[in-house]
Amino acid sequence: MAENSEFVLELLQEFGMISEEQIDVAWEKVSTSDGSMDVIDALTDMGVVSEDELMAMLAQQYGMETLDLTGYQIDAEVVEAVPADIVTQFFIVPVMKDKSGLVTIAMVNPSDMETLDSLRYALGCDVDAVISPREQIQKLIDQHYGDLADNVDSFLDGFDSDLEAQLIASSDDDDESQADDAPIIKLVTLIIVEAFKSKVSDIHMEPLEKRYRVRYRLDGVLREVEAPPKYLQGNITSRLKIMAKLDIAEKRIPQDGRISLKIQGKEIDLRVSTIPTTHGESIVMRILDKSSITIEIPQLGFYQDDQVIIDRVLGLPDGIFLVTGPTGSGKTTSLYAFLNSINTPSRKIITAEDPIEYQLAGINQVQIQTKIGMTFVAALRAMLRQAPNIIMVGEIRDLETANIAINAALTGHLVFSTLHTNDAPSAVTRLIDMGVQPFLVASSVKTIMAQRLVRRICSSCAEPYTPEPAEMKSLEVDDEFVANSTLKKGVGCSECGNTGYKGRMGVYELFEISEDIQHLIFAKVPASKIKTAAREGGMRTLRDDALRKAASGVTTLEEVIRLTMSDEE
């Protein structure tokens with residue numbers, strides 16, 4: 001209150017609360033102090049004026065309310081609204097936030113109008129103030145914000161410090177100005193390291209009303225892990241956005257970025273996506289381990305009969321090979337494995353991707369950038385002028401892209417691409433629904449592969465298993481199937497985190513376009529009739545492939561139900 005002490009002294013005299021002699025004594029006390037006391041502090045220390053009296057006077061003068069913070073509980077949303085650095089800089093504490101976004105803060109000195117103006121600017125919202133005792137404000141600051149470094153260190157007690165050192169050493173953040181953010185840097189770093197150690201595919205950091213939730217997706221299933229305190233949400237979000245080179249001031253629109261790190265000698269990319277939600281920005285980071293792209297086709301989970309079909313398709317000089325399935329079903333991994341298997345010096349391969357998930361040696365990869373006009377259509381047209389043998393289009397999203405891909409296939413190119421359909425036969429009707437002529441689909445598309453990922457049973461805790469009648473009924477399997485199968489189930493152990501599963505493998509539906517199927521496509525029959533004809537011709541559905549893998553003891557019937565139930569409806 002030093003900068004406003006003279007004004008407060010005048011008010012005290014006006015109200016007849018102090019005398020000139022008392023002021024002189026207070027100034028003498030200030031002159032003999034170590035500089036930490038102003039004249040108002042001296043008067044209260046002398047007992048001339050109590051803090052309650054001073055608050056009442058200032059409240060009357062400024063038309064403000066006083067607030068007793070003894071036992072006061074602040075909602076997590078309110079704490080999250082004001083970052084810790086602002087609280088400590090201005091010595092205020094947020095106490096309320098209404099539906100309009102107005103934040104009410106408790107402060108010691110209401111005459112400091114510059115603080116209120118600065119807060120309105122820093123927070124980007126209206127700010128109201130109440131007057132509260134200094135000790136009570138300090139207590140709430142300690143309770144809800146505390147010492148950042150101590151709190152972060154406490155939270156990170158269980159983490160692996162060796163891995164932390166390796167990751168921090170590889171970071172590009174050498175700016176000494178970031179020293180104050182070191183605890184948050186450490187926290188974010190170790191959340192990423194812990195995810196990498198656990199072999200998760202992505203990290204979900206979600207702001208909820210009362211807490212900040214962190215979840216890891218392991219083998220396709222989300223599981224919640226210990227999360228940092230809610231009040232660190234803003235600091236964590238800012239740190240991640242800085243690492244991903246995003247605009248930390250922009251909180252109204254989604255943003256996408258990328259973080260590159262090296263952990264234990266491995267190069268890791270994190271694809272970062274932010275989206276504004278009711279209680280803050282939700283962040284998802286997909287972990288892309290560049291070493292995983294060396295996967296070979298047999299490792300994908302193909303049985304020998306399917307491998308024969310794949311080898312036949314990869315040996316074709318032209319045509320379209322489509323891979324279908326929902327997001328996260330492993331389509332990109334499969335396509336990369338296929339391209340790696342046919343990547344020879346005698347072939348020119350070009351891909352158009354959005355985004356490029358992994359760098360493939362010896363393959364020309366084009367990043368789609370819609371904002372500058374580099375769309376799939378523009379990239380495809382340019383790629384064809386490069387005289388490639390093989391083309392991969394990340395996804396066929398519209399008629400124009402589909403037509404160019406089909407024309408490329410009909411003019412001697414082998415084209416790989418993806419579609420979002422539930423099963424392989426549905427891809428045919430999806431292309432026709434886009435506006436592609438049926439005869440073009442029939443003559444250009446050679447094979448369509450639908451796929452899903454099922455969890456593998458943990459080999460360390462796998463035990464023989466007899467299915468429940470309800471499971472058998474759901475899957476329409478009989479006692480003979482069970483008798484001829486080696487059904488297993490993981491009971492849970494330290495190797496698999498007590499889940500019973502460790503790793504994933506693909507289940508596939510390979511649909512070859514035969515001459516009979518071509519006639520059905522010409523006739524524009526529904527996908528259900530095409531699927532029936534394909535099954536009669538020997539196609540195994542996703543359910544069929546999943547069941548034979550469960551029968552051999554590599555996955556469970558529970559997984560088969562979870563991932564393929566909708567495909568049989």
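Because the structure is a prediction, the values reported are computed rather than measured.
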**Item:** Closest approach of Arg543 to Ser474 (non-hydrogen atoms, all atoms of both residues)
**Value:** NH1-O, 4.1 Å

**Asked** Is Thr555 reaching over with its side chain to a backbone N or O of Arg455, donor-acceptor style, under 3.5 angstrom?
**Response** yes

**Fill in**
Nearest heavy-atom approach of Ala424 to Ile448 is O-CG2, 3.6 Å

**Message:** Could you check whether any side-chain heavy atom of Asp545 comes within less than 4.5 Å of a side-chain heavy atom of Leu510, counting everything from C-beta outward?
**Reply:** no

**Message:** Quick check: closest heavy atoms across Val366 and Ala379, and the distance to 0.1 Å?
**Reply:** CG1-CB, 4.3 Å

**Message:** Suppose we screen for side-chain contact (heavy atoms from CB on, under 4.5 Å). Which residues come up paired with Arg430, at least two apart in sequence or across chains?
**Reply:** Leu419, Thr421, Met434

**Request:** Check whether more than 12 heavy atoms from other residues, nucleotides or ligands sit under 6.0 Å from atom CG of Asp479, and answer yes or no.
**Result:** no

**Over 12 foreign heavy atoms within 6.0 Å of NZ, Lys488** = no

**Complete:** CD1 (Ile287) and CZ (Phe196) are apart, to the nearest 0.5 Å, by 8.5 Å

**Prompt:** So do the side chains of Ile203 and Tyr216 get within less than 4.5 Å of each other, counting heavy atoms only?
**Reply:** yes

**Request:** For side-chain contact (heavy atoms from CB on, under 4.5 Å), just list the numbers for Glu281 and Leu246, CA-CA rounded to whole Å, side-chain angles, deciding distance to a tenth of an Å, and then say yes or no.
**Result:** CA-CA 13 Å; Glu281 289 179 278; Leu246 303 178; over 6 Å; no

**Asked** Which residues pass the salt bridge (charged side-chain N to carboxylate O under 4.0 Å, His left out) test with Arg217, sequence neighbours left out?
**Response** Asp202

**Request:** Start with the C-alpha distance between Asp478 and Met472, add both sets of side-chain angles, then the distance that settles side-chain contact (heavy atoms from CB on, under 4.5 Å), and finish with yes or no.
**Result:** CA-CA 7 Å; Asp478 53 23; Met472 296 174 62; 5.5 Å; no

**Contact check, side chains of Phe91 and Val108, non-hydrogen atoms, under 4.5 Å** = yes

**Complete:** Heavy atoms of Asp219 and Gly503 approach each other most closely as OD2-N, 3.0 Å

**Item:** Min side-chain heavy-atom separation Gln451-Leu300 under 4.5 Å
**Value:** no

**Asked** Where the side chain of Glu509 meets the backbone of Met539, is there a donor-acceptor pair that is under 3.5 Å apart?
**Response** no

**Message:** Which residues pass the salt bridge (charged side-chain N to carboxylate O under 4.0 Å, His left out) test with Asp306, not counting sequence neighbours?
**Reply:** Arg540, Arg548

**Item:** By side-chain contact (heavy atoms from CB on, under 4.5 Å) - contacts of Ser417 (at least two apart)
**Value:** Leu322, Val393, Ile396

**Prompt:** Are Val214 and Glu194 side-chain neighbours, meaning at least one heavy-atom pair lies under 4.5 Å?
**Reply:** no

**Request:** Rounded to the nearest 0.5 Å, what's the gap from CG on Leu140 to CD1 on Ile74? Could you check?
**Result:** 4.5 Å

**Whether over 12 other heavy atoms sit under 6.0 Å from Gln367 CD** = yes

**Item:** Under 3.5 Å donor-acceptor, Gln136 side chain and Asp68 backbone
**Value:** no

**Message:** If you apply the rule side-chain contact (heavy atoms from CB on, under 4.5 Å), what do you find for Lys502 with Lys199, and how did you get there?
**Reply:** CA-CA 10 Å; Lys502 189 173 183 180; Lys199 303 185 185 303; 5.7 Å; no

**Complete:** By salt bridge (charged side-chain N to carboxylate O under 4.0 Å, His left out), Asp128 pairs with (sequence neighbours left out) none

**Request:** Indicate yes or no: at least one non-hydrogen side-chain atom of Val87 is less than 4.5 angstrom from one of Ile105.
**Result:** no

**Prompt:** Just wondering, more than 12 heavy atoms not from Met96 lying within 6.0 Å of its CE?
**Reply:** yes

**Asked** Do Glu395 and His420 touch side chain to side chain, with heavy atoms closer than 4.5 Å?
**Response** yes

**Asked** Quick one: does Met392's side chain get under 4.5 Å of Glu353's, heavy atoms only?
**Response** yes

**Message:** Using the side chain to side chain contact (heavy atoms under 4.5 Å, CB included) definition, which of the options Thr274, Val272, Asp269, Val200 pairs with Met285?
**Reply:** Val272

**Item:** Flag, side chain of Ser552 to backbone of Lys549, donor-acceptor distance under 3.5 Å
**Value:** yes

**Asked** So how far is it from Leu360 CG to Thr351 OG1, rounded to the nearest 0.5 Å?
**Response** 7.0 Å

**Prompt:** Under the 3.5 angstrom rule, does the side chain of Arg120 hit a backbone N or O of Val127 as a donor-acceptor pair?
**Reply:** yes

**Item:** Lys241 side chain to Glu250 backbone, donor-acceptor under 3.5 Å
**Value:** yes

**Request:** Find the distance between CD (Glu471) and CG (Leu557) and round it off to the nearest 0.5 Å.
**Result:** 5.5 Å

**Complete:** Closest non-hydrogen atoms of Leu453 and Ser329, given as atom of the first, atom of the second and distance, are CG-O, 3.4 Å

**Prompt:** If every non-hydrogen atom of Ala551 is compared with every non-hydrogen atom of Leu487, which pair is closest and at what distance?
**Reply:** CA-CD2, 4.1 Å

**Message:** Tell me if a side-chain donor or acceptor on Gln233 pairs with a main-chain N or O of His279 at a distance below 3.5 Å.
**Reply:** yes

**Message:** Using a 3.5 Å distance criterion without hydrogens, assess whether the side chain of Lys531 forms a donor-acceptor pair with backbone atoms of Ser426.
**Reply:** no

**Request:** Could you point out which residue of Ile259, Val284, Leu288 forms a side chain to side chain contact (heavy atoms under 4.5 Å, CB included) with Leu270?
**Result:** Ile259

**Request:** Tell me, with the steps shown, if Asp544 and Thr541 meet side chain to side chain donor-acceptor pair (under 3.5 Å).
**Result:** CA-CA 5 Å; Asp544 296 334; Thr541 65; 3.2 Å; yes

**Fill in**
Across all chains, not counting sequence neighbours, the side-chain hydrogen bond (donor to acceptor under 3.5 Å, both in side chains) partners of Thr556 are Tyr501

**Request:** May I have the step-by-step check of side-chain contact (heavy atoms from CB on, under 4.5 Å) for Thr277 and Glu206, ending in yes or no?
**Result:** CA-CA 9 Å; Thr277 68; Glu206 303 159 319; over 6 Å; no

**Message:** Return the CD to CD1 distance between Glu559 and Ile457, rounded to the nearest 0.5 Å.
**Reply:** 9.0 Å

**Pairwise distance OG1(Thr333) to CZ(Phe338) - rounded to 0.5 angstrom** = 10.5 Å

**From Arg271, Lys371, Arg397, residue fulfilling salt bridge (charged side-chain N to carboxylate O under 4.0 Å, His left out) relative to Asp354** = Arg397

**Prompt:** Does the Lys473 side chain pair with the main chain of Glu468, one donor and one acceptor, at a distance under 3.5 Å?
**Reply:** no

**Asked** Any salt bridge between Arg211 and Glu224, counting N to O under 4.0 Å?
**Response** yes

**Message:** Would Lys139 pass as a cation-pi partner of Tyr72, given that its NZ or CZ must be under 6.0 Å from the six-membered ring centre and within 45 degrees of the axis?
**Reply:** no

**Request:** Ignoring hydrogens and angles, tell me if any N or O in the side chain of Gln255 forms a donor-acceptor pair with the backbone of Asp247 under 3.5 Å.
**Result:** yes

